[in-house]
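As the structure is a computational prediction, the values presented were derived from the model and not from experiment.
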Amino acid sequence: GQLLDLQNEANETLQWEKILTAVCSELEASQGAYYKAGHQEGKPVMVFKAGYAFYQPESKPLVYELGEGLIGQVAKEGKQVIISAVP
């Protein structure tokens with residue numbers, strides 16, 4: 001039931017946090033995030049699920065519609081964006 005779903009989601013988050021830690025360490029990246037595709041109010045969205053050096057309060061889920069912000073634009077175009085010179 002619902003408890004099993006919460007446990008599975010917590011396990012998935014822990015797995016992604018470990019993966020992001022390893023990837024960010026290997027790439028010498030200062031931050032990383034994993035977003036999962038979903039739907040909200042009938043619209044396709046990207047939902048924050050796990051991060052490395054990225055704090056997201058549980059009380060306010062981070063959600064982007066396709067085309068919204070950097071995350072939504074990457075999801076919409078289906079191409080990676082690499083930013084190396086951040087002002």
Side-chain angles (χ1 to χ4, degrees):
Q2 189 176 17
L3 182 58
L4 185 58
D5 289 343
L6 291 173
Q7 287 176 327
N8 287 339
E9 188 170 330
N11 287 340
E12 180 183 15
T13 298
L14 286 173
Q15 288 176 326
W16 277 106
E17 286 174 351
K18 288 178 184 179
I19 291 168
L20 287 168
T21 298
V23 169
C24 288
S25 177
E26 183 68 28
L27 297 176
E28 297 180 2
S30 56
Q31 195 173 51
Y34 167 66
Y35 291 82
K36 189 172 184 177
H39 285 84
Q40 191 174 66
E41 298 175 6
K43 298 177 186 176
V45 294
M46 300 302 294
V47 181
F48 175 83
K49 290 296 183 179
Y52 170 78
F54 189 99
Y55 174 73
Q56 176 60 38
E58 288 183 27
S59 61
K60 187 175 180 187
L62 188 53
V63 178
Y64 293 98
E65 290 184 22
L66 296 190
E68 179 185 16
L70 182 61
I71 301 304
Q73 192 62 36
V74 168
K76 180 180 178 181
E77 293 180 6
K79 298 182 206 173
Q80 69 179 346
V81 174
I82 299 172
I83 301 172
S84 57
V86 178

Can you give me the closest heavy-atom contact between [X] and [Y], atom names plus distance?
X	Y	answer
Tyr34	Leu20	N-CD1, 3.9 Å
Ser30	Ala53	O-CB, 3.3 Å
Glu17	Ala50	CG-CB, 3.9 Å

First locate atom [atom1] of [X], then atom [atom2] of [Y], and finally report the distance between them rounded to the nearest 0.5 Å.
X	Y	atom1	atom2	result
Ile71	Tyr64	CD1	OH	6.0 Å
Gln73	Glu68	CD	CD	11.0 Å
Met46	Leu66	CE	CG	7.5 Å
Lys36	Lys49	NZ	NZ	6.0 Å

Are Tyr52 and Leu27 joined in one hydrophobic group, where the rule is that I, L, V, M, F, W and Y side chains link up if heavy atoms are under 4.5 Å apart?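 In one cluster with Tyr52: Leu27, yes.
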Under 4.5 Å between side-chain heavy atoms, hopping through other hydrophobics if needed: is there a path connecting Trp16 to Val23?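 Shared cluster, yes.
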Any donor-acceptor pair under 3.5 Å linking the side chain of Thr13 with the backbone of Glu9?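 Checked: pair present.
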Set of residues satisfying ring pair (Phe, Tyr, Trp, His ring centres under 6.0 Å) with respect to Phe54, sequence neighbours excluded: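 By the ring pair (Phe, Tyr, Trp, His ring centres under 6.0 Å) rule, Phe54 matches Phe48.
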Please check if atom CD in Gln31 has more than 12 non-hydrogen atoms from other residues, nucleotides or ligands closer than 6.0 Å.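 Enclosed.
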For Val81 and Lys79, run side-chain contact (heavy atoms from CB on, under 4.5 Å): C-alpha distance rounded to whole Å, both residues' side-chain angles, the deciding distance at 0.1 Å, then the answer. CA-CA 7 Å; Val81 174; Lys79 298 182 206 173; 5.9 Å; no
